[in-house]
Amino acid sequence: MHLEHWGKCLSLIKTKIGIQSFETWFKPIESISYKNKKLTLKVPNKFFYQWLEEHYIKLLNEVISNVLGKNGRIEYIIPDNTLTKNNIKSPKLNYKNTFLESSNLNNLNSNYVFKNFISGKCNSVARTAGKKISNSPGNNPFNPLMVYGGTGLGKTHIIQAIGNKIINNNNNNKSVYYVTSEKFANQFIDSLKENKLKNFSKFYANIDVLIIDDVQFFSGKTKTQEVFFHIFNQLNLNQKQIVLSADKSPIKLSGLEERLVSRFKSGLTVELEKPDYQTRLNILKFKVNKDNLSISDDVVEYIAREVDSNIREIEGVLISLMAHSTIYKMEIDLNLAKSIINKIVKNTNREVDINYIQEIVSKYFHISIEEMKDKIRKKEIVIARQVAMYFSKDYTNNSLKSIGFHFGGRDHSTVIHAVQAVNDMIDTDIIFKKSINEINKRLSSN
Ligand code: ADP
Ligand code: MG
């Protein structure tokens with residue numbers, strides 16, 4: 001029975017992700033049992049579990065509710081760990097567990113501590129302010145602290161590190177509570193539905209340190225913003241510490257009430273920037289060391305150079321290297337690192353599809369996408385159109401017919417002609433050839 005269920009899940013998953021990701025992350029999972037709508041799965045190690053949770057939780061939830069029904073759940077067993085079990089639960093169940101029943105649950109991840117947070121120019125202000133806050137929560141110039149920055153740059157890590165340090169300092173037994181804005185919004189809505197708004201408000205009024213992640217999620221949710229505004233004011237008035245994170249600077253957060261934004265800005269607002277090469281290298285070395293991985297310096301340096309988008313991606317590459325080398329018994333060398341960075345990291349970025357090609361090519365030739373799709377026969381527009389068709393054939397699996405359709409409903413023979421024309425120009429025109437190379441570079445560096 002359990003095998004059948006997991007088999008069905010796998011078939012669904014297969015249709016939704018690339019073959020490489022499927023082979024790496026889903027093939028090695030073993031189905032153990034199925035009981036009371038709970039499917040127990042064995043994953044090779046804790047890296048696996050973390051990766052699944054970070055990258056595939058939505059997909060898994062979707063597939064599970066599809067195959068096992070609405071209340072379906074997954075439980076993970078991690079063999080080499082002291083039998084840790086982890087759950088992916090539906091948000092609703094999750095909310096019930098954490099909010100009403102246990103005010104002593106703080107939701108903090110014990111790995112997110114300052115000790116594991118490598119310092120660099122990109123995070124030094126946030127780090128220093130965070131430490132100060134931890135030593136005197138509520139009573140410092142950084143209240144509220146608003147940390148903002150792009151994805152994977154350490155927002156969740158640092159705001160939780162503050163919470164963990166406060167608990168470890170055991171500062172007058174202060175109560176700390178971490179919540180994502182999404183969960184907060186769900187708790188609020190559920191408390192309305194269940195007529196428990198009072199419990200909800202009381203719960204929040206009694207928190208000493210409120211850490212609230214990803215407040216951009218409040219965008220457009222007027223009622224939730226209103227209730228949060230009141231909670232914020234009440235805590236603030238009572239000198240309770242508030243720590244917030246967002247994916248953009250407060251002034252750029254859209255869909256948030258002005259009065260709320262001005263509260264967010266009233267303490268210290270600090271950005272987490274992208275780490276520079278040296279910081280990336282330090283982070284990598286730290287993680288390699290911590291997880292006891294045997295990776296040579298040149299591979300570590302290579303990763304630090306190539307993976308410059310964010311820290312989550314860096315970790316992703318390490319985890320994936322780990323997974324490959326344990327599953328396929330391969331040595332971690334430069335070639336493996338290269339292939340993983342190409343296949344996994346670069347693939348998770350935007351897929352090169354016809355729309356993207358049109359965007360890049362029209363930008364390159366300084367024309368609009370509309371002109372590209374239009375019937376205009378001006379020479380430079382015709383050339384841009386042909387170049388975009390050429391790359392569409394090269395980069396995508398779309399049929400000639402489908403490519404023609406994306407260019408204002410043109411015939412497939414027009415696409416054949418365009419490809420031919422571009423090939424001819426590449427052979428005869430050096431400057432044109434250079435342009436093609438440059439566009440190619442932009443498309444593949446995506
Ligand atoms: P965000 O919330 O900004 O999307 P996270 O806090 O989830 O990013 O960080 C992504 C991953 O990178 C986490 O596993 C985190 O532990 C790690 N990380 C982020 N910043 C650092 C750092 N300075 N040192 C070590 N690890 C970091
Ligand atoms: Mg986060």
Side-chain angles (χ1 to χ4, degrees), residues 45-58 86 91 107-131 134 145-165 177-185 210-219 243-250 252-253 269-291 293 300 303-304 307-323 344-345 348-349:
N45 52 47
K46 82 167 199 284
F47 296 105
F48 240 87
Y49 163 70
Q50 287 168 348
W51 183 272
L52 289 171
E53 202 185 39
E54 290 239 312
H55 292 79
Y56 297 111
I57 190 159
K58 271 209 183 111
N86 291 288
N107 289 332
L108 293 170
N109 175 338
S110 58
N111 289 315
Y112 288 159
V113 289
F114 281 107
K115 188 165 64 69
N116 296 340
F117 192 79
I118 303 303
S119 59
K121 230 174 45 208
C122 54
N123 59 35
S124 67
V125 182
R127 206 164 169 279
T128 312
K131 284 197 158 174
S134 320
L145 174 69
M146 158 62 99
V147 177
Y148 74 92
T151 178
L153 294 179
K155 300 183 295 293
T156 300
H157 189 141
I158 192 152
I159 62 177
Q160 289 210 18
I162 296 171
N164 275 316
K165 191 159 175 3
Y177 189 68
Y178 166 88
V179 67
T180 64
S181 303
E182 183 173 8
K183 194 156 148 193
F184 179 92
L210 176 62
I211 304 172
I212 182 148
D213 208 350
D214 289 322
V215 293
Q216 72 276 1
F217 184 84
F218 284 156
S219 164
V243 179
L244 310 138
S245 90
D247 68 349
K248 295 177 207 63
S249 88
K252 291 206 177 127
L253 285 172
T269 299
V270 51
E271 180 178 8
L272 284 183
E273 291 168 40
K274 282 190 178 183
D276 57 19
Y277 172 75
Q278 191 55 48
T279 312
R280 298 199 297 272
L281 193 62
N282 293 345
I283 290 174
L284 268 159
K285 286 189 172 158
F286 172 80
K287 296 200 187 273
V288 165
N289 215 345
K290 185 163 168 273
D291 293 327
L293 307 178
V300 171
I303 301 171
V307 189
D308 58 2
S309 48
N310 68 59
I311 299 157
R312 187 173 297 131
E313 291 291 4
I314 293 178
E315 284 185 348
V317 170
L318 272 185
I319 291 166
S320 187
L321 275 172
M322 264 282 300
I344 294 184
V345 177
T348 59
N349 292 339

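Position 1 is the first residue of the sequence, and the numbers go up from there. Numbering of ligands and ligand atoms starts at 1, following listing order. Only a predicted model underlies this, so the values are computations on that prediction, with no experimental measurement involved.
Residue contacts with ligand 1 include Gly152, since one or more of its heavy atoms lies under 4.0 Å from the ligand. In this structure, Gly150 counts as a contact residue of ligand 1, since one of its heavy atoms falls inside 4.0 Å of the ligand.
Considering CD1 of Ile158 and CG of Leu153, their distance stands at 12.0 Å, rounded to 0.5 Å. Note that the OH atom of Tyr148 and the OG1 atom of Thr269 stand 7.5 Å from one another [nearest 0.5 Å]. Summarising the geometry, atom CG belonging to Leu244 is positioned 11.0 Å from atom CG belonging to Asp214; distances are rounded to the nearest 0.5 Å.
The shortest N or O to N or O distance between Ile283 and ligand 1 is not below 3.5 Å.
Two residues are said to be in side-chain contact when any heavy atoms from C-beta on lie closer than 4.5 Å; Asp308 and Arg280 meet this criterion. Here the side chains of Met146 and Val215 are in contact, with some heavy-atom distance below 4.5 Å.
With hydrogens and angles disregarded, a donor-acceptor distance shorter than 3.5 Å links the side chain of Lys155 to the backbone of Gly149.
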In residues 114-124, what donor-acceptor pairs under 3.5 Å come from side-chain atoms, sequence neighbours left out?
from	atom 1	to	atom 2	distance (Å)
Asn116	ND2	Asn111	O	2.9
Asn123	OD1	Gly120	N	3.0
Asn123	ND2	Ile118	O	2.9

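Put simply, Thr156 gets within reach of the Mg ion (ligand 2), with an N, O or S atom under 2.8 Å from it.
Looking from atom 11 (C) of ligand 1 to the surrounding protein, the closest heavy atom is Glu315 OE1, 3.5 Å. Of all protein heavy atoms, the one closest to atom 19 (C) of ligand 1 is Gly154 CA, 3.4 Å. In terms of protein heavy atoms, atom 7 (O) of ligand 1 is closest to Arg312 NH2, 2.8 Å. Here the protein heavy atom with the shortest distance to atom 25 (C) of ligand 1 is Asn116 O, 3.1 Å.
When ring centroids are compared, Phe184 and Phe218 come within the 6.0 Å threshold.
Scanning His157, Lys287, Lys155, Arg127 for the heavy atom closest to atom 16 (O) of ligand 1 points to His157. Ranked by closest heavy atom to atom 23 (N) of ligand 1, the top entry among Asn109, Ile311, Asp213, Ile118 is Ile118.
Counting heavy atoms closer than 4.0 Å to ligand 1, residue Tyr112 contributes side-chain atoms (C-beta onward) but none from N, CA, C or O.
The atoms of ligand 1 that sit less than 4.0 Å from any heavy atom of Asn123 are 23 (N).
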